[in-house]
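These notes are about the structure you will find just below.
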Amino acid sequence: MSELEEEYRLDYFEEEGFYRKQCPVTDAYFWTRDPDRETCGEPPADDYSFIDNPGFDEEYTLEEMREKFLSFFEEHGHERIEPYPVAANRWRDDVLLTQASIYDFQPLVTSGQTPPPANPLTISQPCIRMQDIDNVGKTGRHTMAFEMMAHHAFNAREEVGDEYAYSGEVYWKDETVELCDQFFESMGADVSEITYIEDPWVGGGNAGPAFEVLYRGAELATLVFMSMEQDPEGEYEMKDGNRYSPMDTYIVDTGYGLERWAWVSQGTATVYEAVYPDMIQFLKENAGVSMTDEEEELVHRAAKLSGYLDIDEVDDVYEARVGIADELGVDAEELTSLLRPLEDIYAIADHCRTLAYMFGDGIVPSNVGTGYLARMVLRRTKRLVDNVGVDAPLDELVDMQAERLDYQNRDTIRDIVRTEERKYRETLERGTRRVESLADEYADSDESIPLDDLVELYDSHGIQPDMVRDIAEARGATVDVPDNFYSLVADRHEGEGASEAAEEREERLADLPDTEKLYYDDQERTEFEAVVLDVIEREEGFDVVLDQTMFYPEGGGQPADHGTLSTDDATVQVTDVQIRDGVVLHRADADPGKGEFVRGQLDVERRRRLMRHHTATHVVGHAARRVLGDHVRQAGAQKGTDRARFDITHYERISREEVKRIEQVANDIVMQNLAVKQEWPDRHEAQEKYGFDLYQGGIPPGRNIRVITVGSDVQACGGTHVRRTGDIGAIKILTTEPVQDGIERIVFAAGDAAISATQATEDSLYEAASVLDVTPEDVPATAERFFTEWKDRGKTIDRLKSELAEARAAAETEEIDIDGTPAVVQRLDGDADELRATANAIVDEGKVAVLGSAAGGSAQFVVGVPDGVSINAGEVVGELAGRVGGGGGGPPDFAQGGGPDVDALDDVLEETPNVLRQVLDA
RNA sequence: GGGCCCAUAGCUCAGCGGCAGAGCACCUCCUUUGCAAGGAGGAAGCCCUGGGUUCAAAUCCCAGUGGGUCCA
């Protein structure tokens with residue numbers, strides 16, 4: 001079965017007298033010390049046997065168990081590492097959340113580009129797995145938030161020498177299994193009950209042999225030996241159908257589920273009771289969930305039974321429950337009604353911990369990325385809380401977990417939860433109203449609410465179909481929610497997302513040496529000398545490659561330098577600079593000649609402005625954190641010569657007051673004229689000293705990283721900076737705008753650009769003041785007064801027009817008779833409002849009105865007909881307008897129309913009486 | 001990053017090419033004095049902004065601004 005069979009034959013197993021067996025139930029191969037053992041230990045081959053029968057010497061809480069594990073591995077030569085944030089997208093762009101401890105070291109450490117913080121190391125890494133969200137609370141063992149305890153060793157083959165950031169072997173399979181055994185033993189486990197199941201691991205382009213470690217029916221650890229990478233020519237075919245070949249690096253990747261270990265030590269019926277005892281107690285009391293001793297006993301036995309079953313999906317739970325109820329001799333419905341509230345409470349506890357991790361690690365709710373996931377979890381939690389009748393604010397519940405997890409930013413977390421809860425409540429209120437009016441519309445008819453409406457309610461308004469059904473049924477309307485509802489929603493999203501054009505690799509560049517970067521040596525220098533190594537002709541211009549350069553290539557949100565390259569004979573203009581694989585390409589308008597010696601001269605003014613804006617970006621970022629809170633992080637930045645934009649994570653719109661305070665704090669930093677320091681420290685030392693906030697603009701590779709210090713603000717950054725904050729001159733925030741939910745953009749100008757920007761704003765104000773003929777200070781009040789006055793005049797004009805219309809109607813007008821009905825046909829060059837008003841006044845006197853106007857460059861008619869006269873105004877207008885080359889229409893009693901032929905207007909009015917008679921006859 | 005929805009009176013919304021509307025709130029009067037009181041009258045709108053189409057745009061099209069929502 002396993003092509004890797006040889007990989008699993010460890011000396012350690014030999015020495016310890018293990019047997020290799022095949023499980024008759026699961027067909028899996030496994031290793032055990034017990035000669036009589038037949039099954040592999042994993043459900044359904046074996047049951048949970050630790051419930052009510054703890055598997056270790058003592059019971060442990062989460063905190064105790066974590067400490068037990070970490071200190072065990074410390075004593076065995078591992079260095080303890082602080083956990084990383086749960087938001088993995090802060091250091092890698094292929095995933096959103098941290099789902100395993102190895103995520104902390106991908107991709108830079110596992111690929112060997114960057115050394116690990118310690119080797120070997122041990123860590124307990126908080127993780128979030130959204131995949132399990134539906135199972136949480138119901139299966140008894142799934143949690144969305146968990147800690148993966150782990151020990152890792154990073155090895156590189158002896159023969160590759162020091163090509164990678166680590167070399168040689170720390171330890172490999174035998175030692176890993178031995179450590180695992182020893183840890184079990186130190187916990188007082190009966191090692192003869194442990195089984196090591198052979199289970200090759202594949203993931204993320206890597207693969208390797210692995211063991212699942214089972215004890216008393218519970219999978220307590222996974223030992224992965226990552227040693228292969230995907231390779232079409234590879235010698236091993238793995239379970240994903242791809243071929244793999246050995247890598248130069250090979251890594252011990254273990255995972256010990258903290259929650260499972262605590263659970264097994266306590267032997268409670270569900271994992272939740274072992275992990276969240278206090279919170280569950282609180283929620284039960286708050287929601288008034290109480291049970292008799294018999295009920296309590298029943299629930300406990302049911303939970304224990306469901307633990308024996310192999311349940312991986314929620315659907316299975318309800319099927320399984322029927323069987324469980326049968327076995328306990330109770331009604332399935334009755335059992336369900338006892339379990340439901342508990343399931344909700346378990347889920348709430350787990351979700352609150354998830355939220356505490358997310359917000360504690362600086363995730364801000366949003367419509368995109370991790371922020372969206374956080375929003376989904378929060379809304380789900382809110383529904384559960386309401387459903388089970390917990391009467392406590394959500395921010396308090398999340399705070400209970402945040403406190404336990406020892407987060408320092410608890411006030412911000414609560415603030416975020418409250419804001420988010422408010423937004424959700426508003427969405428629900430909006431949704432409820434919308435559904436109610438829709439339900440009323442369909443309540444009287446036999447039709448149910450159409451599926452299209454249901455899909456739209458969910459997709460565009462965030463209203464769950466269940467909620468639609470509840471509201472609609474209360475109002476007597478029917479709703480059918482098809483089972484494939486969510487796939488219908490998905491259909492609406494089909495065809496989204498554009499394909500990306502493959503990036504072409506430049507082979508010619510591969511032969512060129514990395515360009516030496518002079519721009520970090522002295523950021524004030526603007527001239528240099530260099531040799532032209534190569535010139536590549538492009539569609540527009542030439543890419544010049546030098547041996548060294550002062551030109552800063554576009555990167556990190558800082559645009560490229562401009563300038564010139566001169567030989568003795570010629571000067572070429574550099575209009576763009578890019579870097580590809582370490583080679584700097586200078587886009588020039590002419591070919592300076594390969595092998596030539598050139599003098600480079602930067603566009604000094606441009607560079608200065610870029611530097612000021614870049615340093616100012618750090619200052620503004622720091623000021624924003626001070627004013628808005630520690631959750632503020634950079635979400636993108638673009639510097640320019642006359643302004644820069646800086647996107648930050650924040651959960652509300654930034655108020656005018658806050659903008660002013662940020663501006664003040666930023667300019668304070670400028671005035672303090674602090675030194676801007678550039679250093680290249682060891683990455684792990686820097687990270688330990690300054691924390692993860694160092695990486696605002698992404699994580700650079702390498703052993704050492706470039707760090708820029710401005711006052712108390714420290715960031716990894718590759719850009720060019722001024723020497724002291726005073727060199728920025730001034731910082732002016734121009735605007736703030738929302739880029740997406742949870743991300744605000746701050747646009748600002750620095751130095752002379754700040755002055756220009758301020759002047760431009762003032763110009764607008766002075767111009768407005770001059771138009772109003774008042775001082776700038778009086779502009780707001782005057783504008784207000786003028787606007788009010790303007791509105792009043794509009795009303796007055798309307799009133800006068802209707803008075804004028806009445807007067808006109810009452811005046812002596814030529815009246816004609818259309819078969820007994822009096823009619824007025826008149827030319828009146830006014831706008832449509834005047835015509836309408838006059839026509840209405842004439843109609844009020846019981847006469848037919850036909851008015852024509854040539855105002856506004858076109859011929860226009862309005863026709864009004866009093867009640868009881870069988871003339872169709874629309875038809876009349878249609879006929880008249882047709883004669884001036886246009887069209888028109890309207891209801892039978894009042895119509896308007898017109899056309900471009902103004903000259904024909906009088907003739908048409910002349911013929912109008914005949915037209916009226918025709919229409920009457922018709 | 002992409003899709004979809006929305007913007008009209010203080011609030012909630014209807015109108016969807018042809019005279020700017022309703023309910024609630026507000027003001028005045030009458031009736032009544034027990035929990036969303038009733039009746040009569042009234043005031044209150046740059047129909048988000050800017051273009052376009054049209055004889056005519058709150059209404060249709062495009063762009064912008066603001067808000068909502070779903071998905072990766």
Side-chain angles (χ1 to χ4, degrees), chain A residues 89 93-96 130 366-370 372-373 375-376 379 423-424 426-434 436-438 440-441 452-453 455-464 485-500 635-636 653 735 737-741 743 786-788 790-795 798 801-802 805 831-841 843-844 849 852-864 873-874 877-878 880-902 904-905 908:
Chain A
N89 63 340
D93 51 18
D94 55 336
V95 292
L96 295 175
M130 298 286 290
S366 165
N367 63 329
V368 293
T370 49
Y372 179 63
L373 300 181
R375 171 168 292 170
M376 286 302 98
R379 292 185 171 193
K423 285 187 182 178
Y424 186 43
E426 284 165 4
T427 294
L428 286 183
E429 283 168 5
R430 251 194 313 276
T432 306
R433 283 193 300 266
R434 191 170 276 273
E436 279 173 354
S437 72
L438 195 67
D440 288 344
E441 199 178 311
D452 279 354
D453 286 325
V455 173
E456 165 135 357
L457 281 170
Y458 176 69
D459 197 28
S460 300
H461 304 287
I463 307 161
Q464 314 273 343
F485 179 80
Y486 289 97
S487 70
L488 290 173
V489 175
D491 286 346
R492 259 171 76 125
H493 293 273
E494 220 163 74
E496 280 174 32
S499 59
E500 272 172 51
R653 293 302 310 270
T735 57
E737 51 184 306
V739 181
Q740 24 175 265
D741 211 2
I743 298 186
F786 273 34
F787 188 56
T788 312
W790 174 78
K791 286 193 284 189
D792 283 345
R793 285 184 189 204
K795 281 177 227 167
D798 282 349
K801 273 183 184 169
S802 61
D831 62 26
D833 280 344
E834 282 178 70
L835 294 192
R836 269 201 301 266
T838 310
N840 281 334
V843 169
D844 283 345
S853 163
S858 66
Q860 286 171 48
F861 298 101
V862 169
V863 175
V877 160
L880 297 179
R883 297 182 188 206
V884 292
D893 61 331
F894 191 91
Q896 45 196 309
D901 192 356
V902 179
L905 180 61
V908 173

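Each chain gets a letter, A, B and so on, in the order its sequence line appears, and its residues count up from 1.
- A heavy-atom distance below 4.5 Å is not found between the side chains of A/Leu96 and A/Met130.
- For A/Asp893, the side-chain atoms get nearest to B/C19 when compared with the rest of B/G45, B/C55, B/C19.
- Among B/C5, B/C70, B/G18, the nucleotide with an atom closest to any side-chain atom of A/Ser460 is B/C5.
- Taking atom CG of residue A/Asp798 and atom P of nucleotide B/A20, one finds them 10 Å apart after rounding to whole Å.
- Within 4.0 Å of A/Arg653, counting heavy atoms only, lie sugar-phosphate atoms of the nucleic acid but no base atom.
- Taking for each of A/Gly898 and A/Arg433 the nucleotide of RNA chain B with the nearest heavy atom, the 5'-most of the two is the partner of A/Arg433.
- Of the listed nucleotides (B/A44, B/U69, B/G66), B/A44 has the atom at the smallest distance from the side chain of A/Lys795.
- In this structure, B/C26 forms a base pair with B/G42, meeting either the Watson-Crick or the G-U wobble geometry with both donor-acceptor distances under 3.5 Å.
- Of the candidate nucleotides B/C46, B/C70, B/G66, B/C70 has the atom lying nearest to any side-chain atom of A/Met376.
- Salt bridge annotation for A/Lys795-A/Asp792: present, with a cationic side-chain nitrogen under 4.0 angstrom from a carboxylate oxygen.
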Test log, rule salt bridge (Lys or Arg N to Asp or Glu O under 4.0 Å), inputs A/Arg836 and A/Asp833:
CA-CA 5 Å; A/Arg836 269 201 301 266; A/Asp833 280 344; 2.4 Å; yes
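- Across B/C46, B/C19, B/U69, the shortest atom-to-atom separation from the side chain of A/Asn840 is found for B/C19.
- Across all strands shown, B/A72 forms no Watson-Crick or G-U wobble pair with both distances under 3.5 Å.
- With a cut-off of 3.5 Å on both Watson-Crick or G-U wobble distances, the partner of B/A20 is given as none.
- The distance between atom CD of A/Gln740 and atom C1' of B/G67, rounded to the nearest whole Å, is 15 Å.
- For A/Trp790, the side-chain atoms get nearest to B/C46 when compared with the rest of B/G67, B/C46, B/U69.
- Among the atoms of the strands shown, only primed sugar atoms or phosphate atoms (P, OP1, OP2) are found under 4.0 Å from some heavy atom of A/Pro738.
- In this pair, A/Phe894 lays its aromatic ring flat on the base of B/C19, centres within 5.5 Å and planes under 30 degrees apart.
- Among the heavy atoms of the strands, none lies under 4.0 Å from A/Asp833.
- Across all strands shown, B/A56 forms no Watson-Crick or G-U wobble pair with both distances under 3.5 Å.
- Side-chain contact between A/Val843 and A/Asp893 is absent, with no heavy-atom pair separated by less than 4.5 Å.
- The interatomic distance linking A/Tyr424 (OH) with B/G67 (P) rounds to 21 Å, in whole Å.
- The distance between atom CG of A/Asp459 and atom P of B/A72, rounded to the nearest whole Å, is 12 Å.
- Between A/Gln860 and A/Gln896, the residue anchored closer to the 5' end of RNA chain B is A/Gln896, taking for each the nucleotide with the nearest heavy atom.
- At a threshold of 4.0 angstrom between heavy atoms, the contacts of A/Gly888 include nucleobase atoms, whether or not backbone atoms are also involved.
- Ranking B/U69, B/G1, B/C4 by closeness to the A/Arg379 side chain, first place goes to B/U69.
- If you take CD on A/Glu429 and CZ on A/Arg434, they are separated by 14.5 Å, rounding to the nearest 0.5 Å.
- Between the P atom of B/C13 and the CG atom of A/Leu438 lies a distance of 14 Å, rounded to the nearest Å.
- Between A/Thr427 and B/U69 there is a side-chain polar atom (N or O) within less than 4.0 angstrom of OP1 or OP2.
- Across the strands present, B/U65 finds its partner in B/A7; the criterion is a Watson-Crick or G-U wobble pair with both atom distances under 3.5 angstrom.
- Atoms NE2 (A/His461) and C1' (B/G67) sit 12 Å apart, rounded to a whole Å.
- Across every non-hydrogen atom of A/Pro900 and A/Gly885, the tightest pair is CD-O, 3.3 Å.
- Rounded to a whole Å, the CG atom of A/Asp741 is 19 Å from the P atom of B/C4.
- Using a 4.0 Å heavy-atom criterion, one finds that A/Glu426 contacts no nucleic acid atom at all.
- The distance between atom CZ of A/Arg375 and atom P of B/C70, rounded to the nearest whole Å, is 8 Å.
- Nucleic acid contact for A/Gly369: base, since at least one base atom lies under 4.0 Å from a heavy atom of the residue.
- Among the heavy atoms of the strands, none lies under 4.0 Å from A/Phe861.
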